[in-house]
Amino acid sequence: MNWPSFSFPFGGWFFLSLIPLVVLYFLKLKRPRLEIPSLALWQSVVNDQRVNSPFQKFRRNLLLLLQLILLCLVILALMQPFISAGPETAEYLPVLIDCSASMSSTVKGSDQTRLDLAKEQIRAMIENIRGNGKIALFSFSTGGRRLTEFTDDKQILLRALAKVEPTHRASRLDEVLRMADAFARTSPIQRVVVMTDGNLKEQVDFELPFKLEVQRVDEGGDNLGITEMNARRSDTDSWDVFVRVAGSTAEPVFGELILTQDGKTVGRESVIASNEDSERVVFSVDSNGASLLQATLKTNDFDSLEVDNTVWLNLPETRPLNVRTSADLFSWQHALSVQSNLDMDTGESPSAPEYDLIISDSEDLSGAVAPIVIYSGIVPGELQDLVAVNDVNVDDTPVRIVDWVNTAPLLRHVQLRDVQIGQKARYADGADAHDLEERGFEVLVHGAEGPLMLQRRRGLETEYYFLFHADRSTLPYRVAFPILVTNVIESAMQRASLSEVVAAPTGVLPALSVTPDREYVVQGPNGETDTVRSTVNGLLTGVQADIVGKYDITDAGELVASVGTGLLSPLETSLRAVGELQFAELNVTTNESQIIDSDRPLWWTLALLAFIFLLVEWWYFQRMKTGIVT
């Protein structure tokens with residue numbers, strides 16, 4: 001049994017006001033003036049004086065009793081008594097609120113989302129704050145965000161909680177835990193509470209320095225959604241569009257998938273999917289210019305999550321692949337000349353500032369840039385002290401290729417075992433592959449004495465270094481070389497979105513090629529606008545796309561491009577709740593959240609009783625004054 005506590009115990013000092021009330025009754029003596037026919041009645045006057053003595057007056061004075069009770073009830077109500085719902089809140093308690101897309105799912109027959117249920121639990125926690133308890137609110141989806149500092153101001157916490165809305169992103173727990181850990185370094189945090197639907201990745205890359213309590217809200221209803229959409233060019237003027245649909249329940253759910261191109265319906269298919277068996281649908285679309293596709297899923301029954309029913313995909317305009325090769329790379333030029341749909345530049349200097357692919361025998365590209373750059377016979381300047389390349393002499397041991405990364409895009413299906421090389425790469429004394437990795441290079445082809453091919457990623461660009469010159473080897477005469485060149489072309493076409501494109505998930509829009517150093521207005525599906533300036537290289541990057549839908553990029557009111565996004569998260573669509581999270585050192589069980597009882601205030605009950613006593617007092621003594629004596 002929990003005894004009542006008081007939110008304002010200092011109000012008890014008002015009980016001292018009982019003293020002047022009683023003193024007033026001691027001093028109060030009102031004798032009526034009456035004419036009496038005999039002194040025999042004087043004895044009653046003497047008795048009246050005795051009754052007026054202390055503690056004798058209480059016996060028959062109902063008005064004093066009622067006023068004492070009334071005053072006590074008012075003072076008790078002023079002290080704000082309550083019955084505690086449980087133990088006191090921790091001194092500093094971070095509360096992490098899951099705002100991922102799955103938190104907006106609903107149950108059939110109810111308008112409440114999972115986030116609404118979580119907010120009810122958190123609201124009860126806030127109402128229970130007392131003593132030294134302080135709460136800080138955080139929200140998270142793919143990233144974390146701090147909503148409030150540690151505070152015991154319930155109004156601040158409730159206002160911040162009211163603004164929390166579900167996002168159109170997947171959930172990721174590790175980043176927001178790192179934010180809470182940063183607060184733990186300055187505040188005495190013993191435990192952290194996570195309010196979620198349990199739709200999280202089981203593996204969490206984080207070491208827990210505090211106790212973690214993961215509370216799950218009730219699961220949502222049945223769901224059917226689009227989890228994948230991409231397109232692959234089938235010929236010059238057509239694309240094969242692939243759309244994958246998945247469900248959240250073991251029982252199959254039926255729906256209809258509609259594909260539109262620039263607002264016109266070009267495909268319609270019936271689909272059926274469950275959490276075990278997804279369905280992949282293929283549409284054939286004709287397009288030799290840029291167009292915008294929209295896939296819309298309509299279900300025949302209740303669907304608890306609407307945000308994963310629409311996905312957008314941009315098809316690029318058909319054009320040749322722009323390739324530049326150095327004038328002296330005859331082997332590469334010959335292999336590329338037999339490839340179709342290429343626009344090749346082999347001049348002494350670049351004729352354009354940008355290409356889709358550059359193959360060079362010098363690190364000086366004369367200002368030209370490309371997403372993929374291949375260097376032939378070049379040792380990167382940053383590695384001159386770690387790797388040396390020399391010609392193979394007659395007495396030297398032949399260069400032997402011992403291993404290569406056959407999963408790399410350029411080396412798929414490429415056999416290098418029999419290739420003979422006329423240049424030998426050696427590590428410097430004490431150097432190895434680990435030293436190259438520390439400088440941002442990955443070894444793709446290993447020789448017996450040193451690396452033969454390297455890869456380095458720089459933002460959106462990828463650089464490949466053949467440390468030997470192709471013409472100083474037998475590679476151009478092996479079957480491996482045309483396969484290697486084909487892989488290079490395919491990688492460049494994918495980077496240029498000329499052979500395969502993938503629908504963009506919510507978060508950040510893919511980079512767009514526009515006029516350099518110019519401001520553009522981006523209008524989202526919710527009508528909000530943002531101004532973004534392009535880079536000096538003519539790229540529009542870093543555009544936030546937090547909502548599923550179409551984003552229009554305009555320049556001085558003129559439409560430049562339209563880009564769409566989708567949720568595209570199999571985890572969010574599945575609505576699956578994990579029972580246990582696996583951290584580096586331990587596992588944390590996700591528990592179903594219990595209804596948190598708020599502290600029950602009693603002041604309004606006491607105030608009501610005081611009002612009732614006031615009415616009783618007024619009615620009783622008013623009746624006494626107006627009564628008729630017979």
Side-chain angles (χ1 to χ4, degrees), residues 100-101 104 141-142 165-170 224-232 239 241-245 255-269 281 283 285-299 303 305-318 497 500-515 518-534 539-569 572-573:
S100 60
S104 62
S141 52
T142 52
E165 297 292 339
T167 65
H168 292 183
R169 296 192 183 191
L224 195 68
I226 301 173
T227 60
E228 180 184 349
M229 184 176 181
N230 64 318
R232 187 176 303 149
W239 296 78
V241 181
F242 303 90
V243 182
R244 186 177 297 278
V245 177
E256 184 180 32
L257 188 63
I258 303 171
L259 184 69
T260 60
Q261 182 179 18
D262 294 330
K264 181 180 178 181
T265 301
V266 294
R268 188 186 298 266
E269 291 287 341
V281 182
F283 298 95
V285 176
D286 295 330
S287 176
N288 55 8
S291 61
L292 184 62
L293 302 180
Q294 179 185 1
T296 304
L297 180 64
K298 295 183 178 180
T299 59
D303 189 48
L305 189 63
E306 297 290 338
V307 71
D308 60 355
N309 292 344
T310 304
V311 178
W312 300 77
L313 174 65
N314 289 80
L315 294 182
E317 183 178 0
T318 303
S497 299
E500 185 175 357
V501 289
V502 180
T506 52
V508 179
L509 290 182
L512 300 175
S513 296
V514 292
T515 304
R518 189 175 180 86
E519 284 191 347
Y520 291 86
V521 176
V522 181
Q523 181 173 0
N526 58 351
E528 294 185 359
T529 59
D530 188 17
T531 302
V532 183
R533 178 173 289 275
S534 59
L539 291 178
L540 198 65
T541 60
V543 179
Q544 291 294 319
D546 295 326
I547 301 176
V548 171
K550 185 179 69 169
Y551 291 80
D552 293 329
I553 294 90
T554 58
D555 179 12
E558 183 178 352
L559 183 65
V560 176
S562 293
V563 183
T565 62
L567 179 60
L568 299 172
S569 173
E572 297 297 310
T573 296

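Remember, predicted model here, so these are calculated numbers, not experimental data.
- Listed for the Asn314 side chain is a donor-acceptor partner under 3.5 Å among the backbone atoms of Ser562.
- Looking only at atom types and distance, the side chain of Thr531 has no donor-acceptor partner in the side chain of Glu519 under 3.5 Å away.
- Within the 4.5 Å cutoff, no side-chain heavy atoms of Leu292 are placed close to those of Gln261.
- Partners of Glu317 by salt bridge (Lys or Arg N to Asp or Glu O under 4.0 Å), not counting sequence neighbours: none found.
- For Asp262, the side chain to side chain donor-acceptor pair (under 3.5 Å) test picks out no residue, with sequence neighbours left out.
- For Glu269, the side chain to side chain donor-acceptor pair (under 3.5 Å) test picks out no residue, with sequence neighbours left out.
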- Run the side chain to side chain contact (heavy atoms under 4.5 Å, CB included) check on Val243 and Leu257 step by step: do they pass? CA-CA 9 Å; Val243 182; Leu257 188 63; 3.6 Å; yes
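- Checked by atom type and distance alone, the side chain of Ser497 never pairs as donor or acceptor with a backbone atom of Pro316 at under 3.5 Å.
- Not one N or O on the side chain of Asp530 forms a donor-acceptor pair closer than 3.5 Å with the backbone of Val522.
- Within the 4.5 Å cutoff, side-chain heavy atoms of Tyr520 are placed close to those of Val560.
- Among residues two or more places apart in sequence or in another chain, the salt bridge (Lys or Arg N to Asp or Glu O under 4.0 Å) test is passed with Glu256 by Arg268.
- Separating the CG atom in Leu559 from the CD1 atom in Ile553 is a distance of 8.0 Å, to the nearest 0.5 Å.
- Put simply, the side chain of Asp555 does not reach to within 4.5 Å of the side chain of Thr515, judged on heavy atoms.
- Listed here is the closest heavy atom pair of Leu313 and Ala231: CD2-CB, 3.7 Å.
- For Gln523, the side-chain contact (heavy atoms from CB on, under 4.5 Å) test picks out Thr529, with sequence neighbours left out.
- Thr167 contributes atom OG1, which lies 8.0 Å from atom CD of Glu572 (distance to the nearest 0.5 angstrom).
- Partners of Asp546 by salt bridge (Lys or Arg N to Asp or Glu O under 4.0 Å), not counting sequence neighbours, listed by chain and number: Arg169.
- Shown here for Val514 and Leu540, the closest heavy-atom pair between the two residues is CG2-CB, 4.0 Å.
- Counting only distance, with no hydrogens or angles, the side chain of Ser534 and the backbone of Arg518 share a donor-acceptor pair below 3.5 Å.
- None of Thr573, Asp303, Thr296 except one satisfies the side-chain hydrogen bond (donor to acceptor under 3.5 Å, both in side chains) rule with Asn309; the exception is Asp303.
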